Amino acid sequence: MRFNTSFWERNIFFALLICIVFTFAIAPFLQEEEAASRLLNVFLVLMLVFSVIIVGDTKISFFVALLLGAPMLISNATAFLYTKEGFPVLVAFSSALFFIYVIVMLLKKIFTSSVIDINIILGAVCVYFLISVVWALLHGLVEAYVPGSYDVAGEQMSSVDMNVFMYYSIVTLTTLGYGDITPLSASARSLAAMEALVGQIYLTVIIARLVGLHMQQKT
């Protein structure tokens, strides 16, 4: 099943990036408003849909992406992905698998492309954001299974807050490390160290790849 039309090929990565940026940059300021919360769910659903479209080049890849993303899609569509009553472990786990699959498929597109255009660059940016999403989910799963794995401003978390972990994932991936959130358990520390390494390796490898291909196009 192919969705590749000239319109989507030109704009799909941009649309996905807009949804991701909205979730990261704007959503935290809209938590207390019910209408804003619903709007956030719309953007999350769109992010999932665009991801499935991007990786759904073939029937197999489309159905794999749809299968992995179905739990998160349903939860977001019904506005119950993250609730105050508890952390949905199964949804978080399937969501992590879904985004890992999307990342792998996007990297395949990037590394097999012989032409560097704006679509490829936006795709690489999307991957970087999605890596932080995956690790945020993994941090949430660690806290859910081993409560007290993270210290937040001198206190252990009383419940899994994905907004906290989204922030923590970004500052860890970029090795910014403010120190306001500290991993306490062995699994949390290992996860944080791996995220920092992946963030640095990704930037180095992808930038080198894009620059190399860009130079080849000029010769």
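This structure is a prediction, so every number in the text was calculated from the model and none was measured.
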Contact check, side chains of I206 and V127, non-hydrogen atoms, under 4.5 Å: no

Rounding to 0.5 Å, atoms CG (L130) and CE (M47) come to a distance of 6.5 Å

Residue pair I110 / G123: nearest heavy atoms and the distance that separates them: CD1-C, 3.9 Å

State, yes or no, whether a side-chain contact exists between Y167 and I181 at a heavy-atom distance under 4.5 Å. yes

Do L203 and L197 share a hydrophobic cluster (ILVMFWY, side-chain heavy atoms under 4.5 Å, transitive)? no

Where do V142 and S187 come nearest, in terms of heavy atoms and distance? CG1-OG, 3.5 Å

Do V198 and F111 sit in the same hydrophobic cluster, where Ile, Leu, Val, Met, Phe, Trp and Tyr count as joined when their side-chain heavy atoms come under 4.5 Å apart? yes

Within a radius of less than 6.0 Å around OH of Y145, do more than 12 heavy atoms belonging to other residues, nucleotides or ligands occur? no

Does any part of the side chain of V125, heavy atoms only, come nearer than 4.5 Å to the side chain of F13, both counted from C-beta? no

Tell me, please, which residues at least two apart from Y202 pass side chain to side chain donor-acceptor pair (under 3.5 Å). none

F98 side chain reached by V52 side chain, heavy atoms, under 4.5 Å: yes

Least distance between heavy atoms, I120 atom then K109 atom: CD1-O, 4.2 Å

Side-chain H-bond candidate by donor/acceptor type, H139 with Y168, under 3.5 Å: no

Measuring from F63:CZ to L67:CG, what's the distance to the nearest 0.5 Å? 10.5 Å

Interatomic spacing from OG in S95 to CD1 in I100 - rounded to 0.5 Å: 11.0 Å

Quick one: CG on L184 to CD on E143, what's the gap to the nearest 0.5 Å? 9.0 Å

Could you check if a side-chain atom of Y101 sits within less than 4.5 angstrom of a side-chain atom of L97, using non-hydrogen atoms only? no

Distance-only, no hydrogens or angles: does the S190 side chain make a donor-acceptor pair with backbone N or O of A186 under 3.5 Å? no

Can you get from F93 to V146 by hopping between Ile, Leu, Val, Met, Phe, Trp and Tyr side chains that sit under 4.5 Å apart? yes

Would a 4.5 Å heavy-atom cut-off, applied to side chains only, mark T172 and W135 as touching? no

Do L138 and E195 make a side-chain contact, defined as non-hydrogen atoms from C-beta onward lying under 4.5 Å apart? no

Nearest heavy-atom approach of Y150 to P183 is CD2-CA, 4.0 Å

Minimum heavy-atom distance between S132 and L173, given as atom pair plus value: CB-CD2, 3.8 Å

Rounded to the nearest 0.5 Å, the CD1 atom of I18 sits from the CG atom of L122 at a distance of 9.0 Å

Could you tell me which non-hydrogen atom of S185 sits nearest to which non-hydrogen atom of S149, and how far apart they are? OG-OG, 3.0 Å

Donor-acceptor check, side chain of S169 to backbone of V133, threshold 3.5 angstrom: yes or no? no

If you round to the nearest 0.5 Å, how far is OG of S51 from CG of L66? 12.0 Å

Is the shortest side-chain heavy-atom distance between Y128 and I20 below 4.5 Å? no

